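Everything numeric here is computed off the predicted structure, so don't read it as measured data.
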Number of protein chains: 2
Amino acid sequence: MRDRKSERHARTRAEILDAAWETARAEGLAGLTLRDVARRVGMQPPSLYSYFASKDAVYDAMFAQGCREFLEGQARTALTGDALADLKAVARYFIGFCTENPTRYQLLFQRTVPGFEPSAESFAVSEEGLKALRGMLAGIGVTDPEALDLLTALGTGLADQQISNDPGGDRWIRLIDEAMEMYFAHISKRMKAGDAP
Amino acid sequence: MRDRKSERHARTRAEILDAAWETARAEGLAGLTLRDVARRVGMQPPSLYSYFASKDAVYDAMFAQGCREFLEGQARTALTGDALADLKAVARYFIGFCTENPTRYQLLFQRTVPGFEPSAESFAVSEEGLKALRGMLAGIGVTDPEALDLLTALGTGLADQQISNDPGGDRWIRLIDEAMEMYFAHISKRMKAGDAP
DNA sequence: GTCTATATTTGGATAGAC
DNA sequence: GTCTATCCAAATATAGAC
């Protein structure tokens with residue numbers, strides 16, 4: 001039988017989490033306060049403690065949610081089998097994910113929040129996301145660790161510049177395809193050189 | 001005649017600034033407090049106000065100092081006239097500058113400090129640094145805006161990954177030369193294609 | 001210039017009534 | 001579960017003595 005009570009509890013929890021994201025977006029991730037979150041959901045600050053044990057627990061829930069969103073979106077990214085096309089698709093997904101919500105990007109990929117460390121459980125979700133990404137790239141044929149590192153640098157660089165220097169625009173998003181063509185040409189040449197040195 | 005008083009004042013100011021850097025490195029940039037800074041220089045917190053009008057003024061002085069350091073290091077970067085070699089030298093300088101002091105990197109290039117905005121004066125110093133960088137790259141032959149954007153993405157991406165995922169190591173620093181070779185091959189091809197489309 | 005004392009604000013967290 | 005009342009700590013900043 002359905003547990004109407006815990007359903008309601010979960011719903012309210014989700015509502016608070018939404019409010020926390022809005023607040024973080026407005027005030028900056030480090031500037032998040034429970035007071036602001038409470039005001040946004042129409043509660044008094046102490047009432048939040050029925051849903052989250054501490055402010056850090058809120059950060060942790062946001063972190064876990066962000067990781068899940070990353071995984072879900074990744075599962076929806078359709079691959080064709082054509083290496084270059086798939087490389088572009090993965091890059092577009094990753095950079096799109098980062099730029100569409102810079103606050104989430106900051107929480108997940110940069111470590112700039114005061115004293116926050118994700119819980120072991122949340123961290124496991126995060127690891128799963130990275131593993132899935134590596135799996136995708138292995139399917140494309142990118143398995144060499146250095147080639148992978150170069151690719152992640154390119155991806156985060158494009159995302160970071162877009163967020164920092166043209167928020168809301170597409171100045172670096174426009175360069176994704178060109179960047180992937182450059183990268184693909186490079187690793188193709190490297191592989192050939194590796195076959196016959 | 002020398003003004004011993006103002007010399008002493010400047011010296012103490014510099015000492016406080018050093019302490020602020022140490023504190024920021026230890027507690028995180030956003031976690032900087034005047035209490036900690038004061039303790040580190042052996043003063044009571046209110047005494048700092050003889051040297052800085054506010055906490056923001058401390059951030060601003062740190063920002064300006066970082067920009068000056070960037071400029072000075074850049075002036076010392078010797079170029080040879082060989083485009084690829086110079087590209088590598090500039091990249092090594094930039095990424096070295098970022099990774100050798102992640103706190104400074106965060107203050108100058110990311111915008112993650114609570115409510116801090118650099119003053120107009122400090123911001124001007126920052127602009128000068130970017131202009132010098134652009135000038136250097138123009139000397140190498142990189143003037144196309146999109147080629148420049150791609151290069152900055154590569155540079156910040158390498159620096160960012162190095163800082164975030166291998167602090168103190170050289171996992172991405174090792175890739176600088178390869179990345180610049182990849183980039184150079186790409187823009188060479190592009191230029192040729194542009195000449196005879 | 002430096003100190004003590006203090007004002008003020010802010011924000012996380014708890015106690016206990018309803 | 002939610003509220004009011006409150007505590008406690010931290011941190012910026014000011015006033016005024018020395």
Side-chain angles (χ1 to χ4, degrees), chain A residues 2-63 107 112-117 119, chain B residues 2-63 107 112-117 119:
Chain A
R2 276 171 58 192
D3 185 345
R4 307 185 76 88
K5 197 163 164 187
S6 73
E7 276 175 18
R8 174 165 188 82
H9 187 87
R11 213 157 42 230
T12 308
R13 218 181 116 97
E15 199 185 330
I16 293 170
L17 213 49
D18 284 349
W21 280 112
E22 285 170 39
T23 307
R25 200 188 313 243
E27 309 294 329
L29 195 57
L32 181 74
T33 69
L34 296 184
R35 276 176 144 70
D36 288 346
V37 176
R39 179 153 7 102
R40 217 173 270 263
V41 293
M43 280 182 177
Q44 294 300 319
S47 304
L48 299 181
Y49 286 84
S50 296
Y51 300 93
F52 295 94
S54 68
K55 185 184 176 182
D56 249 42
V58 175
Y59 276 131
D60 200 58
M62 292 168 78
F63 183 87
L107 178 63
T112 175
V113 188
F116 168 66
E117 287 295 321
S119 66
Chain B
R2 274 172 55 192
D3 185 344
R4 307 185 75 87
K5 196 163 163 185
S6 73
E7 276 175 19
R8 173 164 188 82
H9 187 87
R11 213 157 43 230
T12 307
R13 218 181 116 97
E15 199 185 329
I16 292 170
L17 213 48
D18 284 348
W21 280 110
E22 286 170 38
T23 306
R25 199 187 315 241
E27 310 294 328
L29 195 57
L32 182 74
T33 70
L34 297 184
R35 275 176 144 72
D36 289 345
V37 176
R39 180 154 5 103
R40 217 174 271 262
V41 293
M43 281 181 175
Q44 294 300 318
S47 303
L48 300 181
Y49 286 84
S50 295
Y51 300 92
F52 295 94
S54 67
K55 184 184 175 181
D56 248 42
V58 176
Y59 276 131
D60 200 58
M62 293 169 77
F63 183 88
L107 179 62
T112 175
V113 188
F116 168 67
E117 287 294 320
S119 66

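Atom C1' of nucleotide D:dA10 and atom CZ of B:Arg35 are separated by 6 Å, given to the nearest angstrom. Whole-Å rounding puts the A:Leu32 CG to C:dG12 C1' distance at 12 Å. Across the protein-nucleic acid pair, B:Leu34 atom CG and D:dA13 atom P stand 7 Å apart, rounded to whole Å. A:Phe52 places its CZ atom 19 Å from the C1' atom of C:dT14, with the value rounded to the nearest Å. In this structure, B:Arg8 atom CZ and C:dG1 atom P are separated by 9 Å, rounded to whole Å.
Phosphate proximity of C:dT2 to B:Tyr51: present, with a side-chain N or O under 4.0 Å from OP1 or OP2. Residue B:Ser47 has no polar side-chain atom (N or O) positioned under 4.0 Å from OP1 or OP2 of C:dG1.
Base contact: B:Ser50 has a heavy atom under 4.0 Å from a base atom. At the heavy-atom level, A:Leu48 lies nowhere under 4.0 Å from the strands shown. Residue contacts shown for A:Ser54 are limited to sugar-phosphate atoms, with no base heavy atom under 4.0 Å away.
Mapping B:Lys5 and B:Pro46 onto DNA chain C via the closest heavy atom, the residue that lands nearer the 5' end is B:Lys5.
Within the model, atoms CZ of A:Arg40 and CH2 of A:Trp21 stand 14.0 Å from one another, a figure rounded to the nearest 0.5 Å. A:Tyr51 contributes atom OH, which lies 4.5 Å from atom CE of A:Met43 (distance to the nearest 0.5 angstrom).
Side chain to side chain, B:Asp36 and B:Thr23 fail the donor-acceptor criterion of an N or O pair below 3.5 Å.
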>> What verdict does the side chain to side chain contact (heavy atoms under 4.5 Å, CB included) test give for B:Leu29 and B:Tyr59, after you've listed the backbone C-alpha separation in whole Å, the side-chain angles of each residue and the deciding distance to 0.1 Å?
In response: CA-CA 9 Å; B:Leu29 195 57; B:Tyr59 276 131; 4.1 Å; yes
